[in-house]
Amino acid sequence: MEQIERIKEFGGWLNRYRHASDACNCLMTFSVYLPPAADQCPVPAVYYLSGLTCTDDNVRVKAGAQRYAAELGLALVMPDTSPRGEAVPDAPERYDLGQGAGFYVNATRGPWAAHYRMFDYVTEELPELVEANLPIVPGLRSVTGHSMGGHGTLVAALRRPELYRSVSAFAPICNPVAVAWGEGCFGAYLGHDRAAWAEYDATELVRAGRRFSGPPLIDQGTADEFLAEQLHPEALEAACLDQGQPLILRRQPGYDHSYHFIASFIGEHLAHHAEALTRRP
C-alpha cells in the first residue's frame with residue numbers, strides 16, 4: 001500500500017494510495033479522506049462506489065463530501081470502478097464495458113475473469129487493507145454510491161448485510177437484469193446464465209428474500225436522463241413493498257444524473273450514515 005498523494009482538506013487529509021490487488025490481479029488505486037478526528041482515534045468509514053467511466057477522482061473532486069465528513073468525523077474510502085492496466089482486458093469502443101465499467105461483479109467468463117472481481121475487492125480486500133493500515137475502526141462501515149456504483153452498493157449491502165451499518169445510493173441501477181447496461185455487462189462478465197445475473201441485481205435479491213441491515217436511503221432525480229431506460233427504481237420499490245422491506249426512496253424534482261445532484265444531497269446521506277455508525281448496537 002503505497003501513498004502517492006496527500007492533500008490537506010477541512011482539517012483532515014485526502015490521501016491516494018496504490019497497491020497490488022489479489023482480487024483484481026493488477027495495481028489498484030483508491031483514495032481515502034481522513035477527518036481531523038482521525039488524528040485522535042480511529043474513525044468509522046463510509047465507502048463510496050462510483051459509476052460508469054469514473055475513477056476515485058470524480059467523487060473526491062465533485063461531490064463536496066469531505067466538508068461533511070470532516071464535521072461528522074467520518075473517513076471516506078473511494079475505490080476505482082474497475083481493474084486497469086495494459087494487461088487488463090478492455091472494450092475501448094464502449095464506455096459501458098471493460099475498464100471504467102467493472103459493475104462490481106466477480107466475472108466468471110473469459111477474458112474478464114482473471115481481473116474483474118470487483119465484488120470481492122470492495123467487500124473484502126479493500127476494507128481489510130485500509131483497516132489494517134489506517135486509523136479506521138475495523139468493521140464499522142457504511143456504503144453509498146452513484147449509478148453503477150449505486151447498483152454495487154445495494155448488491156453489496158444485500159449479499160453481505162453484516163458488513164455495513166447503513167446503505168444509501170444516488171440514482172442506482174436498481175434492476176440491471178432488465179436494462180441494456182446490465183444485460184451488456186452481465187452477458188460479457190457472467191455468461192448467459194440469468195440465474196447468475198440475479199445474484200448481482202438488487203431487485204431480484206429482494207424478491208428472493210434478501211434484506212438490508214437497515215432501510216436504504218435512495219435519492220433519484222426526476223429529470224435524470226437515464227431514469228426511464230436504465231435505472232428502474234420503481235422495480236425495487238415494488239419488490240421492497242412485496243417483501244416488507246423498509247425503503248426510503250426520495251424522488252427529487254428537477255435533478256439530473258450528474259454530480260450537481262449528488263453534491264446537493266451528499267450531506268444528508270453522510271448524516272444518515274453517521275447516525276447509524278455512532279448508534280450503539
Side-chain angles (χ1 to χ4, degrees), residues 1-5 14-32 47-62 76-130 132-134 143-156 159-160 172-173 176-177 179-193 196-197 199-201 230 259:
M1 181 169 157
E2 174 194 5
Q3 183 172 305
I4 56 177
E5 192 175 41
L14 177 63
N15 301 325
R16 180 176 268 166
Y17 301 93
R18 180 168 53 216
H19 73 109
S21 168
D22 291 333
C24 296
N25 192 26
C26 65
L27 288 176
M28 294 291 287
T29 301
F30 64 95
S31 291
V32 178
Y47 287 72
Y48 182 97
L49 307 186
S50 292
L52 285 167
T53 75
C54 293
T55 69
D56 60 306
D57 201 39
N58 296 75
V59 61
R60 68 184 207 149
V61 171
K62 298 178 180 179
L76 299 175
V77 182
M78 298 161 278
D80 202 346
T81 51
S82 71
R84 296 182 194 268
E86 292 184 3
V88 176
D90 194 14
E93 73 283 1
R94 293 179 57 178
Y95 75 93
D96 57 349
L97 182 68
Q99 294 186 33
F103 238 85
Y104 303 100
V105 305
N106 287 339
T108 57
R109 186 181 180 192
W112 314 100
H115 298 278
Y116 284 74
R117 301 189 61 80
M118 289 298 294
F119 183 82
D120 283 354
Y121 180 72
V122 299
T123 61
E124 296 180 10
E125 183 176 17
L126 183 61
E128 291 174 5
L129 182 70
V130 298
N133 290 279
L134 297 174
V143 63
T144 188
H146 172 232
S147 194
M148 178 186 72
H151 140 77
T153 292
L154 298 175
V155 169
R159 291 183 56 172
R160 300 294 306 275
I173 306 169
V177 302
V179 303
W181 279 345
E183 290 175 344
C185 281
F186 287 176
Y189 296 149
L190 303 172
H192 301 298
D193 181 6
W197 296 14
E199 287 297 304
Y200 294 102
D201 183 301
Q230 304 287 3
Y259 267 87

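Only this structure's heavy atoms are used, side chains among them; waters, hydrogens and symmetry mates stay out. Predicted model only: the values in this text are computed from it and were never measured.
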OG1 on Thr123 to CZ on Arg160, rounded to 0.5 Å: 5.5 Å
query: So how far is it from Arg60 CZ to Thr55 OG1, rounded to the nearest 0.5 Å?
result: 8.0 Å
- request: Could you check if a side-chain atom of Gln230 sits within less than 4.5 angstrom of a side-chain atom of Ile173, using non-hydrogen atoms only?
  value: no
task: Scan for salt bridge (Lys or Arg N to Asp or Glu O under 4.0 Å) pairs involving residues 103-120, sequence neighbours excluded, and state none if there are none.
output: Arg117-Asp120
message: Quick check: closest heavy atoms across Glu125 and Ala20, and the distance to 0.1 Å?
response: OE2-O, 4.0 Å
query: Distance-only, no hydrogens or angles: does the Trp197 side chain make a donor-acceptor pair with backbone N or O of Gly191 under 3.5 Å?
result: yes
- prompt: Looking at side-chain heavy atoms only, is the closest gap between Val105 and Trp112 below 4.5 Å?
  reply: no
task: Could you pull out the closest heavy-atom pair between Leu97 and Ala188, with the gap in Å?
output: CD1-CB, 3.6 Å
- request: For residues Pro127 and Tyr47, determine if any side-chain heavy atom of one lies less than 4.5 Å from a side-chain heavy atom of the other.
  value: yes
Aromatic plane relationship, Tyr259 with Tyr48 - under 30° parallel, 30 to 60° tilted, over 60° perpendicular: tilted
- line: Tested for ring-ring contact (aromatic ring centres under 6.0 Å, His included) against Tyr116, the lone hit among Tyr189, Phe103, Phe186 is Tyr189
task: With side chain to side chain contact (heavy atoms under 4.5 Å, CB included) as the test, would you mind laying out the steps for Arg159 and Phe119 before giving the verdict?
output: CA-CA 10 Å; Arg159 291 183 56 172; Phe119 183 82; 3.9 Å; yes
task: Applying side chain to side chain contact (heavy atoms under 4.5 Å, CB included) between Val77 and each of Leu126, Leu129, Val122, Val143, report the one that passes.
output: Leu126
statement: Here the pair of heavy atoms bringing Met118 nearest to Gly102 is CG-CA, 4.4 Å
- prompt: Measuring from Asp80:CG to Asp56:CG, what's the distance to the nearest 0.5 Å?
  reply: 6.0 Å
- prompt: Distance from Tyr104 atom OH to Leu49 atom CG, nearest 0.5 Å?
  reply: 4.5 Å
field: Minimum side-chain heavy-atom gap Pro89-His115 below 4.5 Å
entry: yes
- request: Check each of Glu2, Glu5, Arg16, Arg84 against Thr29 using the side chain to side chain contact (heavy atoms under 4.5 Å, CB included) test, and report the only one that passes.
  value: Arg16
message: Holding to side chain to side chain donor-acceptor pair (under 3.5 Å), I want the full list of residues that pass it with Asn133, two or more places apart in sequence or in another chain.
response: none
Smallest separation among heavy atoms of Met28 and Ser82, with atom names: CE-O, 3.6 Å
task: Taking side chain to side chain donor-acceptor pair (under 3.5 Å) as the test, write out the residues that go with Thr144, two or more places apart.
output: Ser168
task: Specify the closest pair of heavy atoms between Cys24 and Tyr121, including all atoms of both residues, with the distance to one decimal.
output: SG-CB, 4.0 Å
- prompt: Distance from Met78 atom CE to Leu14 atom CG, nearest 0.5 Å?
  reply: 5.5 Å
- prompt: Is there a donor-acceptor pair under 3.5 Å between the side chain of Asp90 and the backbone N or O of Gln99?
  reply: yes
query: Looking only at heavy atoms, what is the nearest atom pair of Gly150 and Pro172, with distance?
result: C-CB, 3.6 Å
Heavy-atom check, side chain of Ser50 versus side chain of His146, under 4.5 Å: no
field: From CG (Leu27) to CZ (Arg18), nearest 0.5 Å
entry: 6.5 Å
